[in-house]
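Source: prediction; values computed, not measured.
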Amino acid sequence: MTISSQKDPDRYDFVSIETKWQNHWLSEQTFKVDEDSTRLKYYLLEMFPYPSGRIHMGHVRNYSIGDVIARFQRMRGFNVLHPMGWDAFGLPAENAALKHDTHPAKWTYENIDYMKSQLQRMGFSYDWDRELATCDPEYYRWEQLFFIKMYEKGLVYRKLTSVNWCESCQTVLANEQVIDGQCWRCDNQVLPQDMHGWFFRITDYADELLSECENLTGWPEKVLTMQRNWIGKSVGVEINFPVEGTDHVLTIFTTRPDTIFGATFMSIAPEHPLVELSKHTGQTELVEEFVARTKIAKKKQRPGEELEKEGIFIGQYCINPFTGNRIPIFTANFVLMEYGTGAVMAVPAHDQRDFEFAQKYELPIKVVVQPENKQLDSENLSAAFEAPGILTNSAHFSGLNSDDAKSAITAFAEEKGFGKSKTTFRLRDWGISRQRYWGTPIPMIHCTTCGVQPVPEQDLPVVLPPDAKPDRSGRSPLHFLESFYRTTCPSCGGEAKRETDTMDTFVESSWYFARYACPDYTEGPLDRDRVDHWLPVDQYIGGVEHAILHLLYARFFTKVLRDLHYISIGEPFKNLLTQGMVIKDGVKMSKSKGNVVDPNDLIEEYGADTVRLFSLFAAPPERDLDWSDKGVEGASRFLNRVYRFVENNKNLLLNAPAQLPSDLDEKSRALHRKTHQTIRKVTTDLENDFHFNTAISAVMELVNLMLSVVSDEADHEIMPAVIKEAVDSTLLLLSPMTPHFCSELWEITGHEESIEKQTWPSFNAESAKEEEITVVLQVNGKVRSRLLVSPEISDDELKELTLQDDKVQKFVGAKPIRKVIVVPKKLVNVVA
RNA sequence: GCGAGAGUGGCGGAACUGGUAGACGCACUGGACUUAGGAUCCAGCGCACUUGCGUGCAUGGGGGUUCAACUCCCCCCUCUCGCACCA
């Protein structure tokens, strides 16, 4: 970093000041934290970064917000845990390794080193002793242990799953490597292929994950809504339809059992096993052709695009157990195998999709629910009627309303044994297998005689072999590395093969917050006492892009760890703050847009404190931040003004008495008052909703007043003790946001003990009280005049003064006064 | 389509439980200091009319409640984000 700015006489020397204090904090271990039962704990966490190379403005914003809260809470007396680490596994490392002909580990650790230096250059108050990197075997070994414990508990299983397969690269692709249905590397068509993969049974926790949303009062409603939708609970019924002339039963799931008498055909997913029934029906070839075509079309489908509804009769019928009617079975491209049973009863009169399908294939439409205000006719319906209504054409259920019919029909089906009530979730089990190198090895062994076996605990960790390295084949090198996969079966001792899949990197980030409580612990994954002491996280901060996956997985994992008796809590994050994106010129910063601002350039030009100050000042944290180069200059100017003021009044400040005189003159009282009002404002802004922008503007007001009433050192109009109080308060209030700057000025103004050790200033309500208040006088709701009065004034006096007011009299004129409304100490409205 | 959030000066944004709309900052304009000003300081700055005092109009649009609405209610428009054939 250049030191040229040091020579600039117009600016304070932020380079040497920031270096000085960063070294001071490091050597003094200012932010090291231990368990201390005498003080209240506060666990503040920001989402840890992926070590992609260098920090970007999103990090700067996220961590600046976090650092203010950390420093603020320390000054308020909390014992603050504020750790940082690295979400270090992931695909980009493999890609970069290929590109630069290096090893993912080398690339990752070099990035970590560099980014750590950048974070330190920003002056963030982390306890670096707790730093962790998820690619460290000492971290992921415990994750492997969790995996085995979960396996033993039945929370892990293996099943066939459809993956993205590129035939020409002979490799599995991650979803982000599939672009418009084509391979990112060779542009070949990506096809689905069935492969074995490992799954976490997150659906076992679906109900709890949903119901606990209720108690997450410290989370933004937006995030909770997203989580609820993602879990997607729906209550309905499963009904069995026997397939005519076979032993097969087609099971469907519906939330509308009240429409069952209107089912005129069945739709099953192209992947549904009973599609096989088309064999020997004469429809076979057509069906096979349709299924193959649909699978490809689904892969090609762009997000947001809806395929035209299509289907084909599979040549078989099933029987509606309620009516005994024969219903044709179709396979249709809009039925999802992953949801429900992969089969639905089609009720064209009451479901728009089925309606469109029925029209296209000229299938019967039968109205069985009538709206209350009109009569629908099956013959000329223009759209499905999806709302609830009164049942018709439904045997003895006719006449019931939809709600009652739902329970009656469900009960009937259960009683007769051809159905049962059922709750279905949109949430699927979490597929964690990745056919990748740079991830946590899944600690399992495949033995041809004993089947799948977990790696014995004492053999953990299964270390990712450093001698392997991704190559251009695109396939995981673990797959070919005999020294890795060749092993012996822990059960029979025979030859066996290790699992070569690695875990989804979301697994690492699902428990890192717990490990921060005891990163040095070697006896097990978590030191129960310390973890129980620190958790839950009191305040979690990160981008809203993690609102669903990361936060849901972390919640799930916490519950699993609780049930495995590693921790006591069930919810990891008590309060959540999701900060907005950093945008520039109205769009998200991105390389392709060419509007990226590099934090390094800014630090070099203005110093870390200015960068922090502006990113906090420009918008409240939850909103998007519109980056403005001019705005940064404004922040820089402000700090320079404060610096100059302190420098110019150094002697006065050094010699000022610590105690305020008991009797203050009017001008001094005004500054004293503003000081206390500012302390009050900043304190409430910081503790309520982290609105740093308004907190900073309050301090700016104080500084503006200070500058306007104290012109120079010779001017003794304002009592020195009052000036000192104002300056000290300014520095204390600003110190969480611009810590180097305030530390330096704190020292310059003669304080022995560093500012980090100070307690947060408190305000005196009496001092903050206004001596005179402005009361607005309105006539018929329009502001016509103002009164400067004592806050002690009574409503009657106020009314009196209002009616005497010239302006008020002028606007009232000759009209009779009908009413006078007095809002105490605020406003008087005369209605004439 | 469904869900959530947001629309306030030229710009970023303020405004407590309905009670002075536009704090603070940026930009801009005029002035001072100066060899110079991209530094600093002072003043102005929602729009319209007005020499001025002032007056009128303004919080996406339209209605409503109220003495009083950025704030509450109804309808509509726009934007952002999330989900998206979930039966």
- Pairs under 3.5 Å (Watson-Crick or G-U), crossing ones as [ ], inter-strand ones as |: RNA chain B comes out as (((((((..(((......[....))).(((((.......))))).((((....))))..(((((..]....))))))))))))....

Nearest-angstrom distance, [atom1] atom, [N] to [M]:
N: C33(B); M: G19(B); atom1: P; value: 47 Å
N: G38(B); M: U29(B); atom1: P; value: 11 Å
N: G9(B); M: G22(B); atom1: C1'; value: 7 Å
N: U8(B); M: A14(B); atom1: P; value: 12 Å
N: G61(B); M: U78(B); atom1: P; value: 15 Å
N: G63(B); M: C42(B); atom1: C1'; value: 48 Å
N: G18(B); M: A68(B); atom1: P; value: 16 Å
N: C72(B); M: C2(B); atom1: P; value: 23 Å

- Item | Contacts of Thr683(A) that satisfy side chain to side chain donor-acceptor pair (under 3.5 Å) - sequence neighbours left out | Trp760(A)

- side chain to side chain donor-acceptor pair (under 3.5 Å) against Thr578(A), all qualifying residues, sequence neighbours excluded: none

- Verify the ring-centre separation between Phe617(A) and Phe638(A): is it less than 6.0 angstrom? no

- Task: Could you tell me whether Tyr606(A) and Phe614(A) have their ring centroids closer than 6.0 angstrom?
- Result: no

Examine [N]: is either OP1 or OP2 under 4.0 Å from a nitrogen or oxygen in the side chain of [X]? Give yes or no.
X: Arg228(A); N: A4(B); answer: no
X: Ser234(A); N: A87(B); answer: yes
X: Asn688(A); N: C16(B); answer: no
X: Arg637(A); N: C41(B); answer: no
X: Asn229(A); N: C2(B); answer: no
X: Lys807(A); N: U55(B); answer: no
X: Lys819(A); N: C67(B); answer: yes
X: Arg353(A); N: C86(B); answer: yes
X: Arg784(A); N: G54(B); answer: no

Report the distance from atom [atom1] of [X] to atom [atom2] of [N], rounded to the nearest whole Å.
X: Leu551(A); N: C83(B); atom1: CG; atom2: P; result: 14 Å
X: Leu250(A); N: A87(B); atom1: CG; atom2: P; result: 18 Å
X: Glu338(A); N: A84(B); atom1: CD; atom2: P; result: 11 Å
X: Lys309(A); N: G1(B); atom1: NZ; atom2: P; result: 14 Å
X: Lys360(A); N: C85(B); atom1: NZ; atom2: C1'; result: 14 Å

Which nucleotide sits closest to the side chain of [X]: [options]?
X: Leu827(A); options: U20(B), G13(B), C41(B); answer: U20(B)
X: Pro620(A); options: G13(B), U20(B), C67(B); answer: G13(B)
X: Val783(A); options: C41(B), A21(B), C24(B); answer: A21(B)
X: Met700(A); options: C24(B), C67(B), G12(B); answer: C24(B)
X: Thr694(A); options: U55(B), A15(B), C85(B); answer: A15(B)
X: Trp230(A); options: C83(B), C86(B), A4(B); answer: C83(B)
X: Ile821(A); options: G12(B), C67(B), U20(B); answer: C67(B)
X: Phe811(A); options: G13(B), C85(B), U55(B); answer: U55(B)
X: Asn829(A); options: A87(B), C86(B), C67(B); answer: C67(B)
X: Met226(A); options: A87(B), G82(B), A14(B); answer: G82(B)

- Would you indicate what Asn704(A) reaches in the nucleic acid, counting non-hydrogen atoms under 4.0 angstrom: base, sugar-phosphate, or nothing? sugar-phosphate

- Message: What's Val335(A) touching, base or sugar-phosphate or nothing? Going by heavy atoms closer than 4.0 Å.
- Response: base

- Map Gln778(A) and Ile548(A) onto RNA chain B by nearest heavy atom, then report which one ends up closer to the 5' terminus. Gln778(A)

- For Thr225(A) and Ser628(A), take the nucleotide of RNA chain B holding the closest heavy atom to each; which residue's nucleotide lies nearer the 5' end? Thr225(A)

For the pair [X] (side chain) and [Y] (backbone), establish whether a donor and an acceptor sit closer than 3.5 Å, ignoring hydrogens and angles.
X: Thr331(A); Y: Ile268(A); answer: yes
X: His350(A); Y: Phe385(A); answer: yes
X: Arg428(A); Y: Arg426(A); answer: yes

- Message: Looking at Lys630(A) and C11(B), is any side-chain donor or acceptor paired with a base atom of the opposite kind under 3.5 Å?
- Response: no

- Query: Is the Trp430(A) ring parallel, tilted or perpendicular to the Tyr553(A) ring (thresholds 30°, 60°)?
  - Reply: parallel

- Task: Could you tell me how the ring of Tyr12(A) sits relative to the ring of Phe14(A): parallel (under 30°), tilted (30 to 60°) or perpendicular (over 60°)?
- Result: perpendicular

- What's the base orientation of G60(B): syn (chi within 90° of 0) or anti? anti

- Message: Could you check whether Arg353(A) makes a cation-pi contact with Phe334(A), meaning its NZ or CZ is under 6.0 Å from the centre of the six-membered ring and within 45° of the ring axis?
- Response: no

